[in-house]
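Sequence positions, counted from 1, serve as the residue numbers for this chain.
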Amino acid sequence: MIRYAKPATFDEALTLLDETSWRVLAGGTDFYPSQGNRPIRENILDINGIVTLRGVAENETHWLIGARTTWADIIRQSLPSAFEALKHAAREVGSPQIQNVASVAGNLCNASPAADGVPALLVLDADVELRSSEATRYLPLADFILGNRRTARRPNELVTAIRVPKTSAAGTSGFVKLGARRYLVISIAMVAARLVIEDGIVQQAAIAVGACSAVATRLSHVEKALVGRTLDGSLADIIQATPMPQLAPIDDVRGSAAYRLNAAREIVARAIQAAACQSPQREVAA
């Protein structure tokens with residue numbers, strides 16, 4: 001018999017997770033389309049009744065994004081300029097109807113290589129809070145997503161929050177998405193960039209690319225090449241000349257591997273320009 005449960009409290013949810021295996025359901029915007037006409041054959045743990053899992057808060061060291069926080073919540077929230085890439089990515093997650101329901105944690109747990117929210121959280125050095133009835137642990141987002149549709153969440157754990165260190169919430173950021181059309185499209189590639197600039201010189205750089213590898217990834221070579229550089233036209237030349245060995249795109253219906261590699265360099269440059277406030281944010285690099 002298939003079970004359905006909708007706990008009202010966090011403790012109740014953890015108790016249920018100890019009993020048997022569950023498919024955790026938040027917004028359901030990925031779950032229901034993936035089911036199609038097939039009958040549901042998993043136990044469903046619906047966490048939409050746990051109100052404490054929704055919202056954005058801060059403490060002395062971190063910004064905390066509750067697991068049930070929607071993308072529309074992110075768009076409306078007053079946040080530092082470093083979160084601008086995340087807000088921009090939030091506007092690209094489906095339609096406004098989807099953004100009103102889809103959760104930030106669900107986007108991560110779905111673990112799609114084309115998940116728009118992941119690069120923007122990677123450049124913020126985000127980690128994932130996982131709780132069970134026994135313990136709480138924290139995993140860097142880069143260690144949480146293991147591959148296509150695979151995460152490090154254990155069966156008895158619930159993702160409760162995404163944490164952003166305040167030390168990483170500095171500077172300004174930009175996001176560029178490449179798609180076959182301007183709206184309502186799965187990414188061919190997307191880039192988030194965050195820069196800390198002082199006196200016209202790049203002090204810190206964080207760049208992440210999605211949909212060009214099994215897991216969205218930071219470009220450490222490009223980041224190091226940008227630090228210490230001035231904001232002039234040479235930044236684009238640096239990006240073109242710097243290796244990006246982390247990228248390993250595939251051929252699929254949205255684009256070839258060769259096209260993705262070439263396009264990635266261009267949209268990295270655009271995202272950096274946006275982060276440096278040298279160009280306006282674009283909805284999609286169609």
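- If you take NZ on Lys177 and CD on Glu92, they are separated by 5.0 Å, rounding to the nearest 0.5 Å.
- The closest donor-acceptor contact from the side chain of Arg68 to the backbone of Ile50 lies under 3.5 Å.
- Using a 4.0 Å cut-off between a side-chain N of Lys or Arg and a carboxylate O of Asp or Glu, Asp30 and Arg149 do not qualify as a salt bridge.
- With a 6.0 Å radius and a threshold of 12 heavy atoms from other residues, nucleotides or ligands, Leu79 has its CG atom above the threshold.
- At least one side-chain heavy atom of Leu17 sits less than 4.5 Å from a side-chain heavy atom of Trp22.
- For the pair Leu53 and Leu158, the minimum side-chain heavy-atom distance is below 4.5 Å.
- The closest side-chain heavy-atom distance from Glu84 to Arg194 is not below 4.5 Å.
- In this structure, the side chain of Asp251 engages the main chain of Ala257 through a donor-acceptor pair within 3.5 Å.
- By the 4.5 Å heavy-atom criterion applied to side chains, Ser103 and Thr69 are not counted as neighbours.
- Using modelled atom types and a 3.5 Å distance limit, the side chains of Asn43 and Tyr4 yield no donor-acceptor pair.
- Atom CG of Asp199 sits in a sparse spot, with 12 or fewer heavy atoms from other residues, nucleotides or ligands closer than 6.0 Å.
- A donor-acceptor pair shorter than 3.5 Å can be found between the side chains of Ser133 and Asp18.
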Query raised in the report: Which is it for Ser132 and Glu134 under the side chain to side chain donor-acceptor pair (under 3.5 Å) test, yes or no, and what are the steps along the way?
Result: CA-CA 5 Å; Ser132 68; Glu134 300 171 348; 4.7 Å; no
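- From Leu14, atom CG reaches atom CG of Asn156 across 8.5 Å, with rounding to the nearest 0.5 Å.
- Distance CZ/Arg131 to CZ/Phe10: 5.0 Å, rounded to 0.5 Å.
- Contact check for Leu219 versus Met244: side-chain heavy atoms found under the 4.5 Å cut-off.
- Residue Tyr259 places its OH atom among 12 or fewer non-hydrogen atoms of other residues, nucleotides or ligands, all under 6.0 Å distant.
- The pair Arg218-Glu223 meets the salt-bridge criterion, with a side-chain N (NZ, NE, NH1 or NH2) lying under 4.0 Å from an Asp/Glu carboxylate O.
- Note that CG of Leu231 is 10.5 Å distant from CD of Gln273, once rounded to the nearest 0.5 Å.
- Under 4.0 Å is where a charged nitrogen must lie from a carboxylate oxygen, and between Lys166 and Glu60 no such pair does.
- Between the side chains of Gln246 and Ser213, no donor-acceptor pair of N or O atoms lies under 3.5 Å.
- Environment of OH in Tyr138: crowded, with over 12 heavy atoms of neighbouring residues, nucleotides or ligands closer than 6.0 Å.
- A 4.5 Å side-chain heavy-atom check between Ile65 and Leu86 finds at least one atom pair inside the cut-off.
- Between Glu129 and Arg137, none of the side-chain N atoms (NZ, or NE/NH1/NH2) sits under 4.0 Å from a carboxylate O, so this pair counts as no salt bridge.
- Applying the salt bridge (Lys or Arg N to Asp or Glu O under 4.0 Å) rule to pairs touching residues 5-17 yields nothing, sequence neighbours excluded.
- Ring geometry for His88 against Phe175 counts as tilted: the plane angle lies between 30° and 60°, on a 0 to 90° scale.
- Atom CZ in Arg270 sits 8.0 Å away from atom CG in Leu178 (nearest 0.5 Å).
- Side-chain contact between Gln35 and Ile40: present, with at least one pair of heavy atoms (C-beta onward) separated by less than 4.5 Å.
- Atom CD1 of Ile74 sits about 11.5 Å away from atom CD of Gln99, to the nearest 0.5 Å.
- Between Ile162 and Leu121 there is a side-chain heavy-atom pair separated by less than 4.5 Å.
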